[in-house]
A.B. asks: 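Got a structure here, written out as structure tokens. Questions coming.
Both backbone and side-chain heavy atoms feed into the values below; hydrogens, waters and symmetry mates do not. Here is how names work: the chains are called A, B, and so on, in the same order as the sequence lines, proteins then strands, and each is numbered from 1.
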There are 2 protein chains.
Amino acid sequence: MKADILQVAVSEFSVKGLSGTRIDEIARRTATSKRMIYYYFGDKLGLYREALESEYRRAREGEGEIDFSGLDPVDALRRLVEFTFDFHREHPDFVAMIAHENTQDAVHLAQSEAIRKLNQGAVKQVGEIYAEGVRRGHFRPGLEPVRLHWTISALCFYNVSNRHSFSAGFGDTIHSEAGQEEHRRFVVDLVMRAVMSNSQSAEISRFVSQEREEPCSPADKCPHPPLR
Amino acid sequence: MKADILQVAVSEFSVKGLSGTRIDEIARRTATSKRMIYYYFGDKLGLYREALESEYRRAREGEGEIDFSGLDPVDALRRLVEFTFDFHREHPDFVAMIAHENTQDAVHLAQSEAIRKLNQGAVKQVGEIYAEGVRRGHFRPGLEPVRLHWTISALCFYNVSNRHSFSAGFGDTIHSEAGQEEHRRFVVDLVMRAVMSNSQSAEISRFVSQEREEPCSPADKCPHPPLR
DNA sequence: TGACAATTGTACGGTATCGTACATTTTAGA
DNA sequence: TCTAAAATGTACGATACCGTACAATTGTCA
């Protein structure tokens, strides 16, 4: 019941934002009544806060799932970027709510504890991979983990948050289903190029747009095989 | 008068979005009255549309300003990224309105002609620089201009659009005034690393966080001098 | 079953908000 | 100055919207 309300609330808030969302509209779309919304959440802001946190909880759930066991830093970073890319695509409401928050100085985000923890975890994760990569000589030193995390976030977030305006301006080359598969490789490649030590970048980073390449043959030597 | 209304409207819409914005509030903040808003713009949606387009117009104004004369493709691309970075920082309302649009599938953006033109111009610009860079052997071939533009946009847009949530999560290392100066170099470097041909990347792309480096001496040999 | 808490339905009060009717003033040009 | 169009002020109608009062029902546990 509460969960039902929250789900509808998220879908409304993610589109209209806090002040644009109507409680009556949420009630209408819910199996329950407006009365219950106030019963459970007190008022509109209470509902908003819980909706925001519930999205963060869902986000955090998936976070620990990545299995880096047996991966060297280069592959681990690849996988981390792939995961982040996929995660954002799978949670457009999460992305949209954060976008709304930012247009209002992220005041409600800033008040919540849950967020800080989630983010800290993400930076720690990328920091460990990066440090190990530097130790082994694959990654160039001198980058801050937080900036590396920023880069991954920026690319993966924007890919979802701005997909409509970008498609409207440039067609759906990038945002079609097929386009996203290629774009995912491109984003991974961007991050790899950002961190690889210069001496090694040539052999690791090799994304080029597929339509400009000859098909690979033999296929098992293809430098950019389909992912998963 | 009309301009005054539009300016206030932009600042309201950029924060609250279309449905969250109150016409009475705009009227209150304006030197004129609510009556005049309806007189000039018909209704709320009309005002919204004009506010959106006026921001795009302002955006386009600055666009032609960049002077690439005498620059080789490498420096031209650097300058383009720097300009884009600065431009987004200087127009947070523009960024916020696009963010709002995206949470509603960018329907109003998609209806406007002005946008498409603006964007097409940006892609053409980066495409020409890129093509020349490839011809001269500085840039690796195989990238699509639209994807390159996407990359620059993503980094510059996210830097502004998500600054509040990012600061809330990680402090203002990146988003303080001083931090942004360094971050600008980092973003430029990211893009350069994305396009440089592998054989040349070592000598062109060399961003490292300043706090991790020894100060350069002699200073005139510093590989990353302060910009402008 | 009885007592008490948890849950839910119905109706409505008060205000916010969009948009307009109507009268009036100001401006521009002949 | 006369006239028509442009601009503006005031008041208000209609509805949307948040939140609540009050009663009623359902669940729980001894």
A.B. asks: Can you list everything that forms a side-chain hydrogen bond (donor to acceptor under 3.5 Å, both in side chains) with B:Thr151? Sequence neighbours excluded, please.
C.D. replies: none
A.B. asks: Which residues satisfy the side-chain hydrogen bond (donor to acceptor under 3.5 Å, both in side chains) test with B:Arg57, sequence neighbours excluded?
C.D. replies: none
A.B. asks: Where does the angle between the aromatic ring planes of B:Phe94 and B:His91 fall among parallel (under 30°), tilted (30 to 60°) and perpendicular (over 60°)?
C.D. replies: perpendicular
A.B. asks: Could you run down nucleotides 15-25 of chain D 5' to 3' and tag each one B, S or - for protein heavy-atom contact under 4.0 Å?
C.D. replies: --SBBBBB---
A.B. asks: Does a side-chain heavy-atom distance below 4.5 Å link B:Pro145 with B:Gln125?
C.D. replies: no
A.B. asks: Applying side-chain hydrogen bond (donor to acceptor under 3.5 Å, both in side chains), can you list everything that pairs with A:Asn162, at least two apart in sequence or on another chain?
C.D. replies: none
A.B. asks: I need the residues from residues 1-8 of chain A with at least one non-hydrogen atom less than 4.0 Å from DNA chain D; give them sorted by number, or say none.
C.D. replies: none
A.B. asks: Measure up the B:Phe166 and A:Trp150 rings against each other and bin them: parallel (under 30°), tilted (30 to 60°), perpendicular (over 60°).
C.D. replies: perpendicular
A.B. asks: Can you check whether A:Ser33 has a side-chain N or O nearer than 4.0 Å to OP1 or OP2 of C:dG9?
C.D. replies: yes
A.B. asks: OH of A:Tyr40 versus C1' of C:dA5: gap in Å, rounded?
C.D. replies: 13 Å
A.B. asks: For B:Ile26 and C:dG19, give me the distance from atom CD1 to atom P, rounded to whole Å.
C.D. replies: 11 Å
A.B. asks: Applying side chain to side chain contact (heavy atoms under 4.5 Å, CB included), name anything that partners B:Val160, two or more places apart in sequence or on another chain.
C.D. replies: B:His88, B:Arg89, B:Pro92, B:Val95, B:Arg163
A.B. asks: Between B:Met36 (CE) and C:dT27 (C1'), how many Å, whole number?
C.D. replies: 13 Å
A.B. asks: Can you check the B:Tyr48 OH to C:dC18 C1' distance for me, whole Å?
C.D. replies: 18 Å
A.B. asks: Round to a whole Å and report the spacing from OH of B:Tyr39 to C1' of C:dA21.
C.D. replies: 16 Å
A.B. asks: Do the ring planes of B:His175 and B:His183 sit parallel (below 30°), tilted (30 to 60°) or perpendicular (above 60°)?
C.D. replies: tilted
